[in-house]
Amino acid sequence: MAQNNLIDVAYIARLAKLELTEDETARFSEDLNQVLSYVAQLDQWDTTGVEPMYHPLPVYDALREDVPGTSLSNEAALSNAPAQEDGQFRVPKVVESAH
């Protein structure tokens, strides 16, 4: 069984483009087995009727209501721009090509 887990960890590492040593693969395999053992223990609890949750504490949206307001004019927004062209911010090219 340990050999299969070593293969799984090595496969996942390759997918993530990680280079792991044999020791790291064995250690991560043990860690993965411990996590899976813990998750298997959770099967003993009856969760019938328990609502699924995304967070253990109540989460409230802290966003303000989306209401229209006054905006900067194009001239005001560009007034401190180090470079502008045709009414837009001019920034240096970051990506040379898609390849």
Side-chain angles (χ1 to χ4, degrees):
M1 180 169 175
Q3 185 62 29
N4 289 340
N5 291 332
L6 288 173
I7 293 170
D8 291 342
V9 170
Y11 175 71
I12 292 168
R14 278 194 308 278
L15 289 176
K17 299 191 183 303
L18 298 173
E19 294 181 17
L20 300 178
T21 65
E22 286 186 27
D23 290 339
E24 289 171 325
T25 303
R27 186 177 46 139
F28 291 139
S29 181
E30 289 174 23
D31 291 347
L32 180 59
N33 282 332
Q34 288 177 355
V35 170
L36 294 176
S37 294
Y38 178 73
V39 171
Q41 289 177 15
L42 298 176
D43 285 337
Q44 71 181 337
W45 300 101
D46 180 17
T47 57
T48 305
V50 176
E51 293 280 330
M53 57 192 329
Y54 301 102
H55 196 278
L57 301 173
V59 177
Y60 300 101
D61 222 352
L63 300 176
R64 66 171 170 76
E65 189 174 332
D66 190 13
V67 293
T70 56
S71 300
L72 291 174
S73 68
N74 197 38
E75 294 79 23
L78 292 170
S79 65
N80 289 325
Q84 55 180 299
E85 185 177 313
D86 298 327
Q88 300 177 359
F89 292 98
R90 181 158 174 81
V91 296
K93 189 175 190 177
V94 178
V95 179
E96 290 298 323
S97 70
H99 302 282

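Position 1 is the first residue of the sequence, and the numbers go up from there.
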Write down the atom of [X], the atom of [Y], and the distance for their closest heavy-atom approach.
{"X": "Leu20", "Y": "Ala13", "result": "CD1-CB, 3.5 Å"}
{"X": "Leu78", "Y": "Gln84", "result": "O-NE2, 3.3 Å"}
{"X": "Ser29", "Y": "Val9", "result": "CA-CG2, 3.7 Å"}
{"X": "Ala77", "Y": "Phe89", "result": "O-CZ, 3.5 Å"}
{"X": "Met53", "Y": "His55", "result": "CE-O, 3.2 Å"}

Enclosure of Glu65 CD (heavy-atom neighbours >12, cutoff 6.0 Å): no
CG/Asp43: more than 12 non-hydrogen atoms of other groups inside 6.0 Å: yes
Test side chain to side chain donor-acceptor pair (under 3.5 Å) applied to Glu75 - qualifying residues, sequence neighbours left out: none
Contacts of Ser71 that satisfy side chain to side chain donor-acceptor pair (under 3.5 Å) - sequence neighbours left out: none
Modelled atom types, side-chain donor and acceptor of Asp46 and Thr48, under 3.5 Å: yes
Rounded distance (nearest 0.5 Å) linking atom OG1 of Thr25 with atom CD1 of Ile12: 11.0 Å
Spatial distance of atom OG1 (Thr21) from atom CZ (Arg27) [nearest 0.5 Å]: 8.0 Å
